[in-house]
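What follows is one structure encoded as structure tokens, with my remarks underneath.
Hydrogens, waters and symmetry mates play no part in the numbers below; they use all other heavy atoms, side chains included.
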Amino acid sequence: MSTSKPNPLSRWGGAALALSLVSGCSTSSNPAAVIQGKEVARKQVLAESPPPPPSPEPQQEFAAAPAPAANKAERREVLATRSPPPAKPRMDVEATPAEVEADAADSAGRMSGASSGALGGTAIVPQASVAAKMEMKRQAPAGRMKAISGDKDLAPEPVSPGNTFAEHTPNAFTETAADRLSTFAVDVDTASYTVARRYLTQGSLPPGAAVRVEEFVNYFKYRYAPPEEGAFRVHLEGAPSPFSQGRHFVRVGIQGKVVSRSQRKPAHLVFLVDTSGSMSQPDKLPLAKEAMKIAVKNLNENDTVALVTYAGGTRDVLPPTAATDLERIYKAIDSLESGGGTAMGSGMELAYKHAVKKASGRVVSRVVVLTDGDANIGPNLSADTMLRGIEGYVKEGVTLSTIGFGMGNYRDDLMEKLADKGNGNCFYIDSHKEARKVFEQQLTGTLEVIAKDVKVQVEFDPKVVRRYRLVGYENRNIADQDFREDKVDAGEIGAGHSVTALYEVELTQPQASLGTVRIRAKTPTGTEAAEQAFPFEPKMMRPSLDAASADFRFALAVAATADVLRGSASAKEWSLATVQKLAEGAAEGQSDRVEFTRLVTQARGLLGATAHDAR
């Protein structure tokens, strides 16, 4: 077992400190102090907001954070900067060499936001685009780094608009002879896919940092049989790669046990709603109000609901109320109006105090935050203080779901951190349709946590697997030696949830057992984890891609698309035309999958249909 890997699930150590540098947070921080660590690189990501209806083009700010290595990937916190308007999509597949080169250059700039420049004396390192055939650099205006005062009497600085994302370097290939173990925590968030979908449907590519492969893949449902006993069941399958000769893909699928609506424990939901001025747009507070009504309508008769809001201050709008009292709850929701600042930390503290009163082994107690994430935290709370406070309530059994809305100042980085720290889920809602999916299927249907601190460790046989890489899960990597360290936090699985991960591997013996998959998890109220092992048998490796299941092929198409969109070096030679055919052949008429194939078409057009399709 390797013992050289750090533990990136202490993402709340280094990574969360980036929150204290975001402009608008009132916390003590010295920008110069973050320029440290071995080979630390700060990168800038080009995040052009798709034209949100009422918002002007945003000016975004930079924040930097320490960047410790995350298992096999360096982690970097990045914020977006102003971008040029998106170029018109090119739909022509046949192009002249000059056009190919020009489009590749344009796509490189728009996809990765590669730029040169300086921020606080540190150069911005360009990131290679998958659409480019050569290294590209584009000069972009340097963001302003604000020194944040820790003086509690100093009013928070106003938050500058701009979508904010945290970037993680894609996992690279690992030589199995040097390190046969790959360890990560499960993740059931889906926000990244919905955010990227909004960018694409509004005519621009998502910034690379907005794309998290695992959230793309786990957005979709797969036909995994539930466990006959225990909390979950593991499904393994592999097949040859459609992109690279001599390589294969391996899928690890985990299905949680299903708990029917009538069987689950009573739930107490505390809605924490951002009613600040930034939530006034139609796709923010009005949509959030619709979403809450959908959630309440799908609760059980023994469930209760409370409502807290935050803007310049906090307000108790609705005390714990029976979910059956729809008239009273709807009236409280309808009364919400936007205006004022964004004291998220104070609202979070109040919401958790309400939630913890009902938390027990017999009641599911959850805080549900609905916001665009644009927060200056609060007059006496820093981001770090808020995150530490959440950790304390988690121990009392309170879970957290963060629901994002809107564009132009969306704080994706903060939303994801809060959900992870709060043992919950991160979603993004861009339409009434998505609100129904999240609040009817994903939230109210999976309120009950069936297993916590769920870790996955894959041990590859060096005699069979020459090299491997985990596609995604960069911010979920765990040090191998921490797999059996039960004090190390990991992910949670709710009733009915499924988790899918894919590996790209190079084999020496395709018809041999690749290795063993181990799952380690605690019961919802337990402190010690139980472990199960599942061998990857030769029969699980299909002789051809056509012989693989439709679920496998579709999951591979989704993962490949995300890897291309985020500019992964391993995917720079992959063809989106191949991906689209793969997805279309596995869509099986499912509406979400059919929609995905249309998004791939949109992405091909925005990429210029050059580097991937014109070979």
Pair R247 + E506, salt bridge at N-O below 4.0 Å
yes

I'd like to know if D453 pairs up with K487 as an ion pair, taking the criterion as any Lys NZ or Arg NE/NH1/NH2 lying under 4.0 Å from an Asp or Glu carboxylate oxygen.
no

Exercise: do R366 and N423 side chains pair donor with acceptor under 3.5 Å:
no

In terms of side-chain heavy atoms, does R469 have a donor or acceptor partner in T174 at a distance below 3.5 Å?
no

Report yes or no: do E504 and S241 form a side-chain donor-acceptor pair below 3.5 Å?
no

Think K437 forms a cation-pi with Y219, using NZ or CZ under 6.0 Å from the six-ring centre and within 45 degrees of its axis?
yes

Would you please say whether a donor-acceptor pair under 3.5 Å links the side chains of N477 and N171?
yes

Y428 vs T190, side-chain hydrogen bond (donor to acceptor under 3.5 Å, both in side chains): CA-CA, chis, key distance, verdict:
CA-CA 7 Å; Y428 177 83; T190 63; over 6 Å; no

From the list R520, Q457, K455, side chain to side chain donor-acceptor pair (under 3.5 Å) partner of E531 resolves to R520

Where does the angle between the aromatic ring planes of F184 and Y473 fall among parallel (under 30°), tilted (30 to 60°) and perpendicular (over 60°)?
tilted

Apply the side chain to side chain donor-acceptor pair (under 3.5 Å) test between N475 and each candidate in K417, E416, R212; give the one that qualifies.
E416

Side-chain donor-acceptor contact under 3.5 Å, T194 with D430:
no

Under a 4.5 Å cut-off applied to non-hydrogen side-chain atoms, are L272 and V368 in contact?
no

Does a salt bridge link K421 with E391, judged by any charged N lying under 4.0 Å from a carboxylate O?
yes

Do we see a donor-acceptor contact under 3.5 Å between the side chains of E215 and S192?
no

For P227, is there any backbone N or O sitting under 3.5 Å from a side-chain donor or acceptor partner on Q255?
no

Looking only at atom types and distance, does a side-chain atom of D303 sit under 3.5 Å from a main-chain N or O of A267, one as donor and one as acceptor?
yes

Is the side chain of R436 donor-acceptor paired with the backbone N or O of I294 at a distance under 3.5 Å, no angle test?
no

Step through it carefully: locate the ring centre of F405, locate the ring centre of Y410, and say whether they are under 6.0 Å apart.
no

Mutual orientation of the aromatic rings belonging to F596 and F554 [parallel < 30°, tilted 30-60°, perpendicular > 60°]:
perpendicular

What verdict does the side chain to side chain contact (heavy atoms under 4.5 Å, CB included) test give for F271 and V367, after you've listed the backbone C-alpha separation in whole Å, the side-chain angles of each residue and the deciding distance to 0.1 Å?
CA-CA 6 Å; F271 289 117; V367 173; over 6 Å; no

Can you confirm whether the side chains of S182 and Y503 place a donor and an acceptor under 3.5 Å from each other?
yes

Separation between CZ of R264 and CG of N300, rounded to the nearest 0.5 Å:
4.0 Å

Has D413 got a side-chain atom pairing as donor or acceptor with F165's backbone, closer than 3.5 angstrom?
no

